[in-house]
Amino acid sequence: MIDLKLLQKDFDAMSAKLSRKKVDTSLIADLKQKNEELKKAKTEFETLQAMQNSMSREFGIYKKEGKDVSELKAKVDANKINIATALETQRERQEELETLAMSIPNMPDENVPDGADENDNIEIKKVLTPCKFTFTPKEHWELAEQNGWIDFERGVKLATSRFSVSFGMGAKLERALINFMLNFNSKRGFEEVSVPVIVNRNALKGTGQLPKFEDDLYKIDSQELFLIPTAEVPVTNLFADEILEESQLPIKMTAYTPCFRKEAGAAGRDTRGMIRQHQFHKVELVAITTPQNSDEVFDEMLACASDILTALELPHRLVTLCTGDLGFSAARTVDIEVWLPGQNTYREISSVSNTRDFQARRAKIRYRNGNKNSMVHTLNGSSLAVGRTLVAIMENFQNEDGSINIPKVLEPYLN
RNA sequence: GGAUCUUUGGCAGAGUUGGUCGAAUGCACCGGUCUUGAAAACCGGCGAGGGUUAUACCUCCCAGAGUUCGAAUCUCUGAGGGUCCA
């Protein structure tokens, strides 16, 4: 959530930043207005409540002294009615404000480039050079089927479209990749955690998926529970409602989970193959830091993800997302795109984001900052999307006959 | 699924004849005295959010609803935990 105090103090700066993310200034103005209305309603209620409290105290004293309370009771009863209406309006204002505030995205950092969509993203650097093939490289679905690694039809049979089944070496490689990535991250100082893949509404509000993106989530109807779209949700929310000691920070974690996404807005895109599935494996990095440290940790996370690809000998590039491509909660994001020779293009395989204090404010994750409590910064990044890594291995390590070599670093994991 | 007990500040744990309780006490933590330094001892501070220049004031004792002039304390519902039964 954006900082309402800051909004009150510096409306212009804030609306300028948010307008870069295509948030209408009138919406921000509305938010400010609602905040002021809430404050007013609160003051009104609190004044009445203070009266009530002091009269009630008086009441107790009267009783003890055996005085007549009938006059006082009349006053107090009359006030009670006013309190009830004041409380009601306060609640209405509160709800209005919250509904609006929770649906406004994070402000982009100063140095995030302006742009409309992914075409305006800016490449930072390329790592490893794509190798030249002496034949026309195939796309991964062809290779996957030829080698018997992935069965797309049977996935559909079991569930619905955008589900697949891995067999044999395909399944082994997935497992190998997960283990390799977790080990790699552990060595970089990220503690491994294993978390629920079903979470409640509150957790999803904390990280920003709700209330706005309910359509993208699989919901368990009978209870207010959802399948996670990313491990970012349970891992970040581990520390919701907590006040951490500064000495505990940064907290750096890594988790493997399956992820579930409805892909509601992706009709027709990537329908073939396993680039965009409803269920996929992902190893995630999450960090909770002080504001001073978050950029440094961001670089660590980015390096970690990039170095995994390098270790797997997969050419990739780093791309700074422009304002138009930036996610709801992110102040800043760098994507890693892996080279897919079959598709002859770079495709997203990781996304590292700093949400600054946006999620922290929603999830109430604070730390003791001297003698006061401040919001932490939260960061998340994939390291990596397992299915897409497998796709990249297939396409980059293919031979002319359709067989596929295995990256050396994975060999120990395949015995 | 049924019965019963339980849910308090970072932790432990008082508070259940409703009032001055945001809440004793201990531990932890922070500051100080002492010490070459540390420990111990002693002194002081120490829940969160809003509000204020600062006070005042308001809210929060699992969540929600209710009774009452007034609820951590009483009633109901729900959630988590324990025990017993099926």
Side-chain angles (χ1 to χ4, degrees), chain A residues 1-10 31-102 195-196 198-206 210-211 219-226 234 237-249 251 288 290 357-376:
Chain A
M1 196 160 81
I2 61 169
D3 187 348
L4 292 172
K5 274 188 186 165
L6 195 66
L7 173 73
Q8 227 42 259
K9 230 190 286 173
D10 201 350
L31 185 65
K32 184 167 185 247
Q33 163 106 27
K34 284 200 160 66
N35 193 34
E36 278 158 10
E37 279 171 14
L38 172 63
K39 265 180 139 174
K40 212 175 121 202
K42 254 187 165 167
T43 312
E44 242 159 72
F45 166 73
E46 282 175 8
T47 309
L48 291 171
Q49 187 62 256
M51 275 169 65
Q52 190 77 352
N53 288 346
S54 76
M55 283 194 285
S56 289
R57 243 168 277 147
E58 217 176 323
F59 198 101
I61 296 165
Y62 274 36
K63 272 253 161 143
K64 204 181 264 177
E65 293 174 349
K67 282 200 214 163
D68 177 35
V69 293
S70 55
E71 196 184 326
L72 185 58
K73 181 159 167 30
K75 266 164 72 183
V76 125
D77 279 339
N79 195 44
K80 225 176 154 180
I81 298 163
N82 297 335
I83 286 185
T85 55
L87 181 62
E88 192 49 43
T89 52
Q90 194 210 118
R91 278 190 180 163
E92 279 167 21
R93 298 284 173 278
Q94 175 82 47
E95 209 182 306
E96 282 170 18
L97 178 74
E98 225 175 86
T99 307
L100 183 56
M102 291 293 274
V195 290
I198 293 177
V199 296
N200 58 35
R201 190 172 280 277
N202 200 40
L204 287 152
K205 275 189 187 172
L210 289 179
K219 184 176 177 191
I220 295 165
D221 285 331
S222 54
Q223 310 174 43
E224 279 280 288
L225 295 172
F226 301 81
N237 277 289
L238 284 172
F239 298 96
D241 287 313
E242 293 192 23
I243 300 173
L244 303 162
E245 295 300 330
E246 189 168 356
S247 57
Q248 291 176 260
L249 303 176
I251 296 171
I288 293 173
T290 59
D357 60 6
F358 185 82
Q359 292 179 329
R361 186 166 292 108
R362 290 176 157 240
K364 298 192 184 64
I365 311 175
R366 292 157 291 172
Y367 75 104
R368 261 179 249 293
N369 179 15
N371 53 8
K372 65 177 201 286
N373 299 322
S374 308
M375 297 297 168
V376 297

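Values in this document were obtained by computation on a predicted structure and should not be read as measured data.
Here the closest heavy-atom approach between residue A/G206 and residue A/R362 is recorded as O-CB, 3.4 Å.
Checking B/G26 for Watson-Crick or G-U wobble geometry (two distances, each under 3.5 Å) identifies B/C11 as its partner. Across the strands present, B/C46 finds no partner; the criterion is a Watson-Crick or G-U wobble pair with both atom distances under 3.5 angstrom. The nucleotide B/U4 finds its pairing partner in B/G82, both defining distances of the Watson-Crick or G-U wobble pair being shorter than 3.5 Å. Pairing partner, B/U68: none, since no Watson-Crick or wobble contact has both distances short of 3.5 Å. Using the Watson-Crick or G-U wobble rule with both distances under 3.5 Å, B/A54 pairs with nothing in any strand shown.
Rounding to whole angstrom units, CD of residue A/Q94 and P of B/C60 are separated by 14 Å. For A/Q52 and B/C57, the CD to C1' distance is 15 Å, given to the nearest whole Å. In this entry the distance linking CZ of A/R361 with C1' of B/G50 reads 15 Å, nearest Å. Rounded to whole angstrom, the span from the CD atom of A/E88 across to the P atom of B/A65 amounts to 10 Å. The CD atom of A/E44 sits 16 Å away from the C1' atom of B/C57 (whole-angstrom rounding). In this structure, CG of A/L48 is placed 14 Å from P of B/G70, rounded to the nearest angstrom. Look at NZ on A/K364: it is 19 Å from C1' on B/G10, rounded to the nearest Å. Taking atom CD of A/E246 as the reference point, atom P of B/C30 lies 13 Å away to the nearest angstrom.
Proximity of A/R368 to the phosphate of B/C46: no side-chain N or O atom is located under 4.0 Å from OP1 or OP2. Proximity of A/K5 to the phosphate of B/G50: a side-chain N or O atom is located under 4.0 Å from OP1 or OP2. OP1 and OP2 of B/U20 both lie 4.0 Å or more from every side-chain N or O belonging to A/N53. For the pair A/K80 and B/G70, the criterion of a side-chain N or O lying under 4.0 Å from OP1 or OP2 is met. An OP1 or OP2 oxygen of B/C69 is reached within less than 4.0 angstrom by no side-chain nitrogen or oxygen of A/N79. Proximity of A/Q49 to the phosphate of B/C57: no side-chain N or O atom is located under 4.0 Å from OP1 or OP2.
Going from the P atom of B/U16 to that of B/U73 covers 12 Å, rounded to whole Å. Taking atom P in both B/C30 and B/A39, the straight-line distance is 10 Å, to the nearest Å. Of the P atoms belonging to B/G64 and B/U59, the separation is 14 Å, rounded to the nearest Å. Atom C1' of B/G81 sits at a distance of 15 Å from the matching atom of B/A63, rounded to the whole Å. B/A86 and B/G15 have their C1' atoms separated by 37 Å, with the value rounded to a whole Å. Here, B/U8 and B/A23 have their C1' atoms 8 Å apart, quoted to the whole Å. Separation of the C1' atoms belonging to B/A14 and B/A72 is 12 Å when rounded to the nearest angstrom. When the P atom is compared between B/U4 and B/G9, the two are found 27 Å apart, to the nearest whole Å.
Side-chain atoms of A/R91 lie closest to B/A65 of the nucleotides B/A65, B/U59, B/C69. Considering only the side chain of A/N373, B/G49 comes nearest among B/G49, B/C69, B/C57. Taking only side-chain atoms of A/R366, from C-beta outward, the nucleotide of B/C58, B/G19, B/G49 with the closest atom is B/G49. For A/K39, counting side-chain heavy atoms from C-beta on, the closest listed nucleotide (B/G51, B/A48, B/C58) is B/G51.
Counting non-hydrogen atoms of neighbouring residues, nucleotides and ligands closer than 6.0 angstrom, the NZ atom of A/K205 reaches no more than 12 such neighbours. In this structure, A/Q248 places its CD atom where more than 12 heavy-atom neighbours from other residues, nucleotides or ligands lie under 6.0 Å away. In the displayed structure, A/K219 atom NZ is contacted under 6.0 Å by more than 12 heavy atoms of other residues, nucleotides or ligands.
At a threshold of 4.0 Å, the pair A/E36-A/K32 counts as salt-bridged, since one of the basic side-chain nitrogens sits closer than that to a carboxylate oxygen. A salt bridge links A/R368 with A/E245: the distance from a Lys NZ or Arg NE/NH1/NH2 to an Asp or Glu carboxylate oxygen falls below 4.0 Å.
Side chain of A/R361 to backbone of A/M1: a donor-acceptor contact under 3.5 angstrom is found. Without hydrogens or angle criteria, A/D357 side chain to A/M375 main chain gives no donor-acceptor distance under 3.5 Å.
Comparing A/E245 and A/S54, the nucleotide of RNA chain B nearest to each residue sits closer to the 5' end for A/E245. Sequence order on RNA chain B of the closest nucleotides to A/G60 and A/D77 puts A/G60 first from the 5' end.
Contact annotation for A/I243: backbone-only contact, meaning every heavy-atom pair under 4.0 Å involves sugar-phosphate atoms and none involves a base. As judged by a 4.0 angstrom heavy-atom cut-off over every strand, A/K42 is placed among residues touching the sugar-phosphate backbone only.
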